2 protein chains.
Amino acid sequence: MTVPHETPVLAPASIPAAITTLRVRGLRVSAARRLVLEALFAADGPVTADAIADGLGGRLPESDLASVYRNLDTLEEIGLVRHFHVAHGAGRYALASRHHAGYVVCEHCGAHRPLERGTVAQIAAVLREACGYDPQLVHFPMVGRCPECRF
Amino acid sequence: MTVPHETPVLAPASIPAAITTLRVRGLRVSAARRLVLEALFAADGPVTADAIADGLGGRLPESDLASVYRNLDTLEEIGLVRHFHVAHGAGRYALASRHHAGYVVCEHCGAHRPLERGTVAQIAAVLREACGYDPQLVHFPMVGRCPECRF
DNA sequence: ATACTTGCAAATGATTTGCCAGTGT
DNA sequence: ACACTGGCAAATCATTTGCAAGTAT
């Protein structure tokens with residue numbers, strides 16, 4: 001269901017670089033922490049904390065779900081990770097370097113795909129003019145029907 | 001935090017009318033059911049199930065939260081009620097006759113306000129052209145910053 | 001009379017938190 | 001050594017579900 005992403009752009013684009021960032025912030029490089037990073041680098045799109053804890057379905061060793069959440073939070077605090085919420089489902093986490101300007105999620109099949117910066121800007125303009133709100137399509141993507149699920 | 005709404009438009013606009021709709025569908029008119037309707041008619045905007053169960057803060061007698069959820073579901077099934085989701089918070093329920101084409105919610109203060117049909121249409125057009133998705137701003141409103149919370 | 005409903009408790013799913021043992025630096 | 005982390009169980013929050021007792025029709 002996960003649509004492939006464009007190529008990375010900013011920030012630490014390798015595990016060693018990310019680990020350096022951790023050290024610079026005075027954070028420790030534990031096995032659990034490293035695993036979360038490995039999972040995020042290995043994933044081919046935003047993933048759930050649960051998927052990371054399960055070792056991406058066997059590709060990596062398992063880890064404790066609570067620790068995964070804690071580490072994702074920590075990594076997000078130092079700018080290495082970003083996450084967004086998916087309709088009724090669990091949140092999706094990705095490396096900040098692979099994150100996009102916004103997302104859309106299909107309320108029916110759960111597929112999520114990134115939005116181009118220009119699209120987000122257009123929508124923001126419409127909304128801002130209509131009621132002064134500034135949309136945050138990164139943290140809370142728009143929900144809709146993908147072309148395949150539009151009966 | 002709740003922004004006032006425009007005036008009603010469609011469907012049963014009175015409690016007796018709503019009760020008739022219930023009877024027509026072969027559903028029973030119980031005290032608990034009636035209370036949910038009264039709360040929705042008395043509320044001045046979309047409210048949480050919890051608020052209804054609490055009797056809108058004393059204005060009405062309390063009722064069982066599980067029953068409130070069940071009745072809201074029932075009422076929604078027969079078209080009397082609609083609900084939408086609010087960022088991290090609890091869902092909001094309103095009479096279908098008072099519902100709008102879409103909503104925006106402030107991720108900071110929780111304020112939610114209705115969107116005009118035209119605004120929703122414009123956003124839908126942008127998104128549809130960008131990636132073929134058809135947004136559902138009614139069930140899952142856009143999340144953003146309201147003018148007051150934009151630091 | 002009998003299906004539909006209720007109230008209450010317990011289960012869900014996602015995420016968080018308390019705590020103490022374990023470990024990076 | 002010692003503060004930072006990890007694992008695991010228990011707690012939250014919103015919502016749902018199981019079930020026996022109650023009631024609208």
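The model shown is predicted, which means the values in this text are computed figures rather than measured ones. Below, chains carry the letters A, B, ... as their sequence lines are ordered, and counting in each starts from 1.
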Would you list the atom pairs, donor with acceptor, under 3.5 Å between side chains in residues 45-60 of chain A and any protein atom, with sequence neighbours excluded?
| unit_1 | atom_1 | unit_2 | atom_2 | d |
| --- | --- | --- | --- | --- |
| A:Thr48 | OG1 | A:Ala51 | N | 3.0 |

Tell me the interatomic distance from A:Leu37, atom CG, to D:dT5, atom C1', rounded to whole angstroms.
15 Å
Would you list the pairs meeting salt bridge (charged side-chain N to carboxylate O under 4.0 Å, His left out) in which at least one residue belongs to residues 128-151 of chain A, sequence neighbours left out?
A:Glu107-A:Arg145, A:Arg128-A:Asp134
Salt bridge (charged side-chain N to carboxylate O under 4.0 Å, His left out) partners of residues 72-91 of chain A, not counting sequence neighbours, each pair once:
none
Length of the CD1-P vector between A:Ile78 and D:dT5, whole Å
10 Å
Name each donor-acceptor pair under 3.5 Å that joins a side chain in residues 26-37 of chain B to protein atoms two or more places apart or in another chain, with its distance.
| unit_1 | atom_1 | unit_2 | atom_2 | d |
| --- | --- | --- | --- | --- |
| B:Ser30 | OG | B:Arg33 | N | 3.2 |
| B:Arg33 | NE | B:Arg28 | O | 3.1 |
| B:Arg33 | NH1 | B:Asn71 | OD1 | 3.0 |
| B:Arg33 | NH2 | B:Arg28 | O | 3.2 |

Grab the NE2-P distance between A:His88 and D:dC13 for me, whole Å please.
20 Å
Can you tell which of A:Val126, A:Leu127, A:Val120 makes a side chain to side chain contact (heavy atoms under 4.5 Å, CB included) with A:Pro135?
A:Leu127
Without decimals, in angstroms, what is the distance between A:Asp73 CG and C:dA14 P?
16 Å
For A:Asn71, report the nucleic acid contact type (base, sugar-phosphate, nothing); a contact means any heavy atom under 4.0 Å.
sugar-phosphate
What is the distance, to the nearest angstrom, from the NE2 atom on A:His83 to the C1' atom on C:dT16?
13 Å
Looking at residues at least two apart in the chain, or sitting in another chain, which of them share a side chain to side chain donor-acceptor pair (under 3.5 Å) with B:His88?
A:His85
In whole Å, what is the span from the CD atom of A:Glu77 to the P atom of D:dT5?
11 Å
Separation of C:dA14 P from A:Leu72 CG (nearest whole Å)
15 Å
Taking any heavy-atom pair under 4.0 Å as a contact, classify B:Gly26: base, sugar-phosphate, or nothing.
nothing
Can you tell me how far P of D:dG18 sits from OH of B:Tyr69, to the nearest Å?
18 Å
Quick one, give me the B/S/- string for nucleotides 18-25 of chain C, reading 5' to 3', where B means a protein heavy atom under 4.0 Å from the base and S means that only happens at the primed atoms, P, OP1 or OP2.
BB---BBS
